[in-house]
Amino acid sequence: MRITARLLRLTLVLLSAASTLCIQLEIPASPPSTHTIIASNFLGISIELSSISKYLGNDTSMIPQALINYVAGVRARTGKSNVRMRVGGNSADSSTYVASQTSPMAVLKNPNVDKNSDNQAINYGPEIWAAMAKVSQMAGGVDYLFSVPLLNPNNTIPKLAADAKAALGNNLDALLLGNEPDLYQSHKERPNIPNYTIPIYETEFSRTVDILQSTFNSFAGPTICCSWNLADILQAGYVSNFTLRYVTLQHYPQNFCPGLGMVHQQFGNSYYIQHSNVVTLAAWQSPAYKTVSTNNSAGAPQLIMSEFNSASCGGIPGLSDTFAVGGLWALDYALQLASVGYSAAYIHTREPGITYNIFTSPPGPDGGPGNWTTNPPYYTVLAIAEALRTDNGGIVADLNLGGSMTDSAASQAGYAVYDAQNFTVTRLVLFNYAAESATFTLPTTLFENSATKSVLVKYLESSSGANETTKVSWAGKTFAGVGDGKSPVDAAWATSDQNLECSSGCSFNVSGTSMGMVFLDNAQFSATPGATGPQPTSSTQSQNSASHMTGLWMTLTVVVLPLLGAILLT
């Protein structure tokens, strides 16, 4: 009797402790009245122009199959939408198009000077368009943004635009004119102008548009990053003076650029696992960006983030390459951008050796053989495509779990994704930034008016927590040790996908420093396509009835029983 009484007391204590780990979700019945409809290809891939041969090879015969597989893996998840890819950056603003150049399609202008530079100017030829077109064809569809020089515009620009349009057709989404013009002054790019102002910039932009518009008319800008205010640019008539497809911004949370007299590392790991910091970062250029994102008039430009990552000039070793930053933070920030009005965002990658890269090509000649390495941001690109793939477009809303939008002490955060037509909740994306696991409970009200009473939960995890760089998994699969970008393997450390019956409510566990994604629509019954391009998703997964647990039973099995066993063993 004494042992039984002790066990009972221990059970009650553990149940009480477990209840503090359980987060009861409150999901608004409808999305915010002011919102932007998001497509599944919201998060695109940005590649620095000077690094393009590292990923696409020197010509169309040398495009690595791994690159095709990586892009196709994303395309398989974006449904009706092509993968977004942007080729540009600072190097694009200082590079020159040479129409007579063949293979190699890109060469450094000054390899001795530019070898370790953050702005490696190149000469590139028309083979680049053929390679981009072939990637799109082989991977199932890619829509490109391409950066055109505004820094040193010249008479090769019309030929550039004409050749790109001829090769890419409708896959050429827009031309970005210039890159970070608000830094021209500080980078001494306009030495003869003592004060490079917004009106001067707009005059230069206008001249470039005049040069190009006879051959191409889909433009984007201003692509400011740092020193200017979007409000001042809009006030100067930027949107009204030009017919733009996109208003573009690009921004990093901190600067890691040498030689600028700035603190090299302002933020450490703790900054990136605080959801309130993501909210603050996404509000950069507020409220001016709202003027663009809420403009629903015919022909109004969309707002996009054409380049972002964890720290400018290549990231910070030991931080940018970790799961917490490259995986969870990148996903959280992208969803936050979607929730506040951006229509797309592009996560940046550069040459091998850069710590924030999405994936890493093998050493050796460009386009040569060898194994590729999959880095944490690639899993983010896959996961967000699945989060946003809905029948009618998605609306993303921050759930402000536990006041996480403003409370820096909050360890959990989450988003709801609504179908843009019927306003039903299709996905929940739930972050657990705490070191210990957390249990999330779905309310019964979420299923009252739904024909589907079950959910599927997938997880974005790593093998060893926040600082892991390679052993990352999405939906139980990992590319760790897989060099082809195509065939992920089962991750022994990963939590298996869970099918839960939820008509009476249900709960599930999210381990420390990881993310759980809840599928509430019929997508939970469809097999995830492979990495060979767009595939039908009509095959049905059988539901695992053994995992259909209510919230109390889930809490007992994942929290109470292991702890109780550990105590009894001691």
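Not one N or O on the side chain of S297 forms a donor-acceptor pair closer than 3.5 Å with the backbone of A300. Remark: the backbone N or O of V278 is not paired with any side-chain donor or acceptor of Q336 at under 3.5 angstrom. With hydrogens and angles ignored, the 3.5 Å screen pairs no side-chain donor or acceptor of R350 with any backbone N or O of E48. Remark: side-chain polar atoms of N171 are paired, donor with acceptor, to backbone N or O of V142 under 3.5 angstrom. Of the possible donor and acceptor atoms, one in the side chain of N241 sits under 3.5 Å from a partner among the backbone N and O of G237. The backbone N or O of T470 lies less than 3.5 Å from a partner atom in the side chain of E468, making a donor-acceptor pair. Using a distance-only test at 3.5 Å, with no hydrogens or angles considered, no donor-acceptor pair links the side chain of T349 to the main chain of N357. A donor-acceptor pair under 3.5 Å is formed between the side chain of Q254 and the backbone N or O of F267. In this structure a side-chain-to-backbone donor-acceptor pair under 3.5 Å is present from T355 to I316. Proximity of a side-chain donor or acceptor of Y144 to a complementary backbone N or O of M132 within less than 3.5 Å is detected.
Proximity of E189 to D93: side-chain heavy atoms (C-beta onward) are nowhere separated by under 4.5 Å. Counting heavy atoms from C-beta on, the side chains of N371 and P362 never come closer than 4.5 Å.
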**Request:** Just do the side-chain contact (heavy atoms from CB on, under 4.5 Å) check on Y70 and T374 with the steps written out, would you?
**Result:** CA-CA 9 Å; Y70 279 123; T374 307; 2.6 Å; yes
**Request:** Show the numbers, then the answer: is there a side chain to side chain donor-acceptor pair (under 3.5 Å) between S46 and R86?
**Result:** CA-CA 5 Å; S46 171; R86 174 251 194 179; 2.8 Å; yes
**Asked** N82 and S136: side chain to side chain donor-acceptor pair (under 3.5 Å), yes or no, with the steps?
**Response** CA-CA 9 Å; N82 288 342; S136 177; 5.5 Å; no
**Check against side chain to side chain donor-acceptor pair (under 3.5 Å), N119 and S94** = CA-CA 8 Å; N119 181 5; S94 55; 2.9 Å; yes
**Asked** When you look at Q65 and N69, which way does the side chain to side chain donor-acceptor pair (under 3.5 Å) test go after all the steps?
**Response** CA-CA 6 Å; Q65 184 60 45; N69 292 338; 3.0 Å; yes
**Prompt:** Under the ring-ring contact (aromatic ring centres under 6.0 Å, His included) criterion, do Y97 and W129 qualify, and how do the steps go?
**Reply:** CA-CA 11 Å; Y97 182 63; W129 317 126; 5.8 Å; yes
**Prompt:** Would M517 and L460 count as a side-chain contact (heavy atoms from CB on, under 4.5 Å) if you check the C-alpha gap in whole Å, the side-chain angles of each, and the deciding distance to 0.1 Å?
**Reply:** CA-CA 8 Å; M517 185 182 298; L460 180 64; over 6 Å; no
**Message:** Using the rule given for side-chain contact (heavy atoms from CB on, under 4.5 Å), can you reason through L234 versus V292, listing the C-alpha separation, both sets of side-chain angles and the distance that settles it, and then say yes or no?
**Reply:** CA-CA 9 Å; L234 298 179; V292 179; 4.1 Å; yes
**Stepwise side-chain contact (heavy atoms from CB on, under 4.5 Å) check, F479 with F359** = CA-CA 11 Å; F479 288 93; F359 30 64; over 6 Å; no
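Taking 4.0 Å as the cut-off between side-chain N and carboxylate O, E351 and K54 do not count as a salt-bridged pair. Between R190 and E204 there is a salt bridge, with a side-chain nitrogen of the basic residue lying less than 4.0 Å from a carboxylate oxygen of the acidic one. Look at R84 and D143 and you find no salt bridge, because none of the NZ, NE, NH1 or NH2 atoms lies under 4.0 Å from a carboxylate O.
A side-chain N or O of E386 and one of W474 form a donor-acceptor pair less than 3.5 Å apart. Side chain to side chain, T469 and N375 fail the donor-acceptor criterion of an N or O pair below 3.5 Å. For the residue pair N179/S147, the side-chain donor-acceptor check at 3.5 Å is not satisfied. Under the 3.5 Å distance criterion, with hydrogens and angles disregarded, a donor-acceptor pair is assigned to the side chains of N277 and Q274. Under 3.5 Å, the side chains of T478 and S473 contain no donor-acceptor pair of N or O atoms. Defined by atom type and a distance below 3.5 Å, a donor-acceptor pair is present between the side-chain atoms of N255 and S312. A donor and an acceptor atom, one from each side chain of Y272 and T322, are nowhere located under 3.5 Å apart. With hydrogens and angles left out, the side-chain atoms of E180 and Q250 include a donor and acceptor closer than 3.5 Å. For the 3.5 Å distance criterion, the side chains of Y55 and D366 fail to qualify, holding no donor opposite an acceptor. Side-chain atoms of D59 and S103 form a donor-acceptor pair, as typed in the model, at a separation below 3.5 Å.
Atoms OH and OG1, on Y246 and T223 in that order, are 12.5 Å from each other to the nearest 0.5 Å. The CG atom of L56 sits 11.5 Å away from atom CE of M62, with the distance rounded to the nearest 0.5 Å. Atoms CG and CH2, on L319 and W329 in that order, are 10.0 Å from each other to the nearest 0.5 Å. In this structure, L382 CG and I384 CD1 are separated by 11.0 Å, a value rounded to the nearest 0.5 Å. Atom CG of L150 sits about 12.5 Å away from atom CG of L175, to the nearest 0.5 Å. Interatomic distance, CG of L151 versus CG of L183, reported as 11.0 Å (0.5 Å rounding).
Of all heavy-atom pairs spanning S293 and T36, the tightest one is O-OG1, 4.2 Å. Of all heavy-atom pairs spanning H251 and C225, the tightest one is ND1-O, 2.9 Å. The two atoms that bring P222 and P181 nearest to each other are O-CD, 3.2 Å, heavy atoms only. Closest approach of V74 to Y378, counting heavy atoms only: CG2-CE1, 3.8 Å. Nearest heavy-atom pair, N229 versus I224, reported as atom, atom and distance to 0.1 Å: C-CD1, 4.3 Å. Pairing each heavy atom of S50 with each of Q120, the nearest pair is CB-O, 3.1 Å.
Between Y333 and F308, the two ring planes are perpendicular [angle over 60°; tilted spans 30° to 60°].
Residues Y196 and H187 place their aromatic rings such that the two centres sit no closer than 6.0 Å. Taking the ring centroids of F242 and F205, they lie under the 6.0 Å cut-off.
Counting non-hydrogen atoms of neighbouring residues, nucleotides and ligands closer than 6.0 angstrom, the NZ atom of K471 reaches no more than 12 such neighbours. By the 6.0 Å contact criterion, CG on N170 is open, its count of non-hydrogen atoms from other residues, nucleotides or ligands being 12 or less.
Here the options are F42, Y289, W284, the test is ring-ring contact (aromatic ring centres under 6.0 Å, His included), and the partner is Y342; only Y289 passes.
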